[in-house]
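Report on one structure; see the data block that follows.
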Amino acid sequence: GKETDIQDVILNAITTELPFANKKNISLIYEIQNRLPAIADPVVILLLLRTLLNNAIKFSGTGAAVIITAEMHYTDCTVSVIDKGIGIKEEDQPKIFTTEMPSLYTENKEKGFGIGLVLAKQFADRQGIRLGFKSKYGVGSTFYFSVSKNAG
């Protein structure tokens, strides 16, 4: 794989999803850090980020904030998308990356983007990217993925 600056991809994803966020008066908050070099396909990273941002915006109330963080660890870079949306019921959490996930309806009755996560998970697995989440119903969700800093 080739080296990608994850920071560039994050900014690209934010720019792309901004009109959707603006429509709901949602701020996308990203604390700029330095370069985030990692071995990854920028197209796949962009797809993952856009899916996670799109979901976070969709499931957040009007005027909320969605926070994007990126952390460099010893061996990898972890990007998180944090929302204060409706969260995911505990009994639904095991189904989140499967086609069994019920169609979720947000407060504005926007159709859930469920299939997006299924595809995102498949792309991530194929690229050796760890995609996961933690969520508390009524509080919000954090979806994150980790990309290796070094080849192989």
Side-chain angles (χ1 to χ4, degrees), residues 1-73 76-88 92-93 95-99 101-135 139-149 151:
K2 58 182 167 76
E3 193 174 274
T4 299
D5 185 358
I6 301 292
Q7 160 115 325
D8 287 345
V9 186
I10 292 172
L11 294 173
N12 184 347
I14 288 173
T15 307
T16 312
E17 294 300 325
L18 205 54
F20 180 40
N22 287 341
K23 233 182 268 176
K24 284 182 79 173
N25 192 24
I26 285 172
S27 3
L28 301 180
I29 298 169
Y30 173 51
E31 303 296 330
I32 300 285
Q33 300 184 349
N34 310 327
R35 284 186 67 245
L36 299 164
I39 304 296
D41 181 342
V43 176
V44 174
I45 299 296
L46 184 62
L47 176 91
L48 289 178
L49 262 170
R50 287 197 57 192
T51 301
L52 299 186
L53 279 173
N54 197 284
N55 272 356
I57 294 164
K58 196 167 280 185
F59 291 104
S60 291
T62 308
V66 170
I67 299 163
I68 301 102
T69 63
E71 286 165 18
M72 268 302 184
H73 306 288
D76 58 37
C77 171
T78 300
V79 180
S80 302
V81 175
I82 304 153
D83 70 62
K84 300 281 177 266
I86 52 181
I88 302 152
D92 287 335
Q93 292 190 14
K95 303 178 200 158
I96 236 358
F97 294 122
T98 74
T99 47
M101 190 62 199
S103 266
L104 297 169
Y105 281 89
T106 57
E107 53 188 43
N108 306 353
K109 298 282 177 282
E110 295 163 285
K111 191 85 164 61
F113 196 56
I115 195 69
L117 284 177
V118 178
L119 290 175
K121 182 73 168 147
Q122 287 172 359
F123 276 107
D125 287 350
R126 233 172 272 158
Q127 299 274 330
I129 297 167
R130 293 190 307 287
L131 172 64
F133 71 96
K134 29 188 206 292
S135 183
V139 177
S141 306
T142 298
F143 278 82
Y144 56 86
F145 61 86
S146 298
V147 186
S148 283
K149 270 165 51 172

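We use all heavy atoms of the structure for the numbers below, so side chains are in, but hydrogens, waters and symmetry mates are not.
A pairwise comparison of heavy atoms in S60 and K24 identifies O-NZ, 2.8 Å as the closest pair. The shortest heavy-atom contact between Y144 and K134 is CE2-N, 4.3 Å. Residue I6 comes nearest to V79 through the heavy atom pair CG2-CG2, 3.8 Å, listed as atom of the first residue, atom of the second, then distance. Pairing each heavy atom of R50 with each of A13, the nearest pair is CG-CB, 4.1 Å.
Between atom CD of residue E71 and atom OG of residue S146 there is a gap of 9.0 Å, rounded to the nearest 0.5 Å. A distance of 10.0 Å separates CD in E17 from CG in N12, rounded to the nearest 0.5 Å. Within the model, atoms CZ of R130 and CG of D125 stand 11.5 Å from one another, a figure rounded to the nearest 0.5 Å. With values rounded to the nearest 0.5 angstrom, S135 atom OG is found 12.5 Å from I82 atom CD1. Here the straight-line distance linking atom CD of Q122 with atom CG of L131 works out to 11.5 Å at 0.5 Å rounding. Taking NZ from K2 and CG from D41, the interatomic distance works out to 6.0 Å, rounded to the nearest 0.5 Å.
Side-chain N or O atoms of D83 include one that pairs as donor or acceptor with a backbone N or O of S141 at under 3.5 Å. No donor-acceptor pair under 3.5 Å is formed between the side chain of Q127 and the backbone N or O of A40. Between the side chain of D76 and the backbone N or O of V147, no donor-acceptor pair lies under 3.5 Å. When atom types are taken as modelled, the side chain of K84 and the backbone of A65 share no donor-acceptor pair closer than 3.5 angstrom. Within the 3.5 Å criterion, the main-chain N or O of C77 finds no donor-acceptor partner in the side chain of K149.
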Quick one, V43 with L47, criterion side chain to side chain contact (heavy atoms under 4.5 Å, CB included). Give me CA distance, side-chain angles, the key distance, then yes/no. CA-CA 6 Å; V43 176; L47 176 91; 5.7 Å; no

As a quick check of understanding, evaluate side chain to side chain contact (heavy atoms under 4.5 Å, CB included) for L48 and F143, giving each step before the final call. CA-CA 10 Å; L48 289 178; F143 278 82; over 6 Å; no

Start with the C-alpha gap between L11 and Y30, add the side-chain angles, then the distance that decides, and say whether side chain to side chain contact (heavy atoms under 4.5 Å, CB included) holds. CA-CA 9 Å; L11 294 173; Y30 173 51; 3.8 Å; yes

Can T4 and V9 be said to form a side chain to side chain contact (heavy atoms under 4.5 Å, CB included), step by step? CA-CA 8 Å; T4 299; V9 186; 3.8 Å; yes

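Taking the six-membered ring for Trp and thresholds of 30 and 60 degrees, F97 and F133 have ring planes more than 60 degrees apart, a perpendicular arrangement.
With I10 as reference, L49 is the one residue of L49, T69, V81 to meet the side-chain contact (heavy atoms from CB on, under 4.5 Å) rule.
No donor-acceptor contact under 3.5 angstrom links the side chains of N34 and Q7, judged on distance only.
Between L52 and L117 the shortest side-chain heavy-atom distance falls below 4.5 Å.
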